[in-house]
Amino acid sequence: MFDPERDTPPVTPLVDGDRAQRAWCGLMLWGQLVALNVREGRGATQEESVAIAKRAGYRDGRAWNNWTGWRKGEDGGRWATAVGLGHLRQYFETVDRAMLEDLGNASVSDGRVTAVHPN
């Protein structure tokens, strides 16, 4: 299990690094966004989006310009979409790690990632 919001990756994520570093870069970018969306029920602010990108191994917040899979929500924040959730699942598979239950059970509603609450 790996929590992209709380855990440190086994390699330094780096967008122009080797294959493993690039995989962790993608996992950290999408994992932190999805974690924030699911756990806090809101979109990432501009400042948080920049911090997420930097922690994921990008130089700055412009990293998001290279990706599909997110949209600006009604709250003005950045939300992962079904495509972004797919990116995250693929990166977890690539690095051979299991997703935590709250992230693995996330779904998409109204075009953005949300938590699944058990009955």
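With sequence neighbours excluded, no residue satisfies side-chain hydrogen bond (donor to acceptor under 3.5 Å, both in side chains) with Tyr91. Remark: Trp24 pairs with no residue by the side-chain hydrogen bond (donor to acceptor under 3.5 Å, both in side chains) rule, at least two apart or across chains. Checked against side-chain contact (heavy atoms from CB on, under 4.5 Å), Asp18 has the following partners two or more places apart in sequence or in another chain: Ala20, Gln21. Applying the side-chain contact (heavy atoms from CB on, under 4.5 Å) criterion to Glu101, with sequence neighbours excluded, gives Asn105. Residues passing the side-chain hydrogen bond (donor to acceptor under 3.5 Å, both in side chains) test with Arg55, sequence neighbours excluded: Gln32. Judged as a salt bridge (charged side-chain N to carboxylate O under 4.0 Å, His left out), and not counting sequence neighbours, the contacts of Asp60 are Arg62. Scored by the salt bridge (charged side-chain N to carboxylate O under 4.0 Å, His left out) test, Arg42 finds Glu40, Glu48 as partners (sequence neighbours excluded). The side-chain hydrogen bond (donor to acceptor under 3.5 Å, both in side chains) search around Asp16 returns Arg59, not counting sequence neighbours.
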Between Phe2 and Val95, does the side-chain contact (heavy atoms from CB on, under 4.5 Å) criterion hold? Intermediate values first, please. CA-CA 10 Å; Phe2 181 81; Val95 301; over 6 Å; no
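Val83 and Val108 sit in two unconnected hydrophobic clusters of ILVMFWY residues. Membership requires side-chain heavy atoms under 4.5 Å apart, directly or through other members. Under a hydrophobic-cluster definition in which Ile, Leu, Val, Met, Phe, Trp and Tyr are linked whenever side-chain heavy atoms come within less than 4.5 Å, directly or via other members, Val34 and Trp67 are assigned to the same cluster.
Once rounded to the nearest 0.5 Å, the distance linking CG of Leu27 with OG1 of Thr94 reads 9.0 Å.
Sorted by first and then second residue, the pairs that involve residues 73-87 and meet side-chain hydrogen bond (donor to acceptor under 3.5 Å, both in side chains), not counting sequence neighbours, are Ser49-Arg78, Asp75-Trp79. Pairs passing the salt bridge (Lys or Arg N to Asp or Glu O under 4.0 Å) check and including a residue from residues 91-100, sequence neighbours excluded, do not occur.
Shown are Trp64, Phe92, Trp70; of these, the ring-ring contact (aromatic ring centres under 6.0 Å, His included) with Trp30 is made only by Trp64.
Summarising the hydrophobic clusters (Ile, Leu, Val, Met, Phe, Trp, Tyr; side-chain heavy atoms under 4.5 Å, direct or chained), the residues clustered with Leu100 are Met1.
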Donor-acceptor list for residues 4-15 side chains, cut-off 3.5 Å, not counting sequence neighbours:
{"unit_1": "Glu5", "atom_1": "OE1", "unit_2": "Arg39", "atom_2": "NH1", "d": "2.6"}
{"unit_1": "Arg6", "atom_1": "NH1", "unit_2": "Asp3", "atom_2": "OD2", "d": "2.8"}
{"unit_1": "Asp7", "atom_1": "OD2", "unit_2": "Asp3", "atom_2": "N", "d": "2.8"}

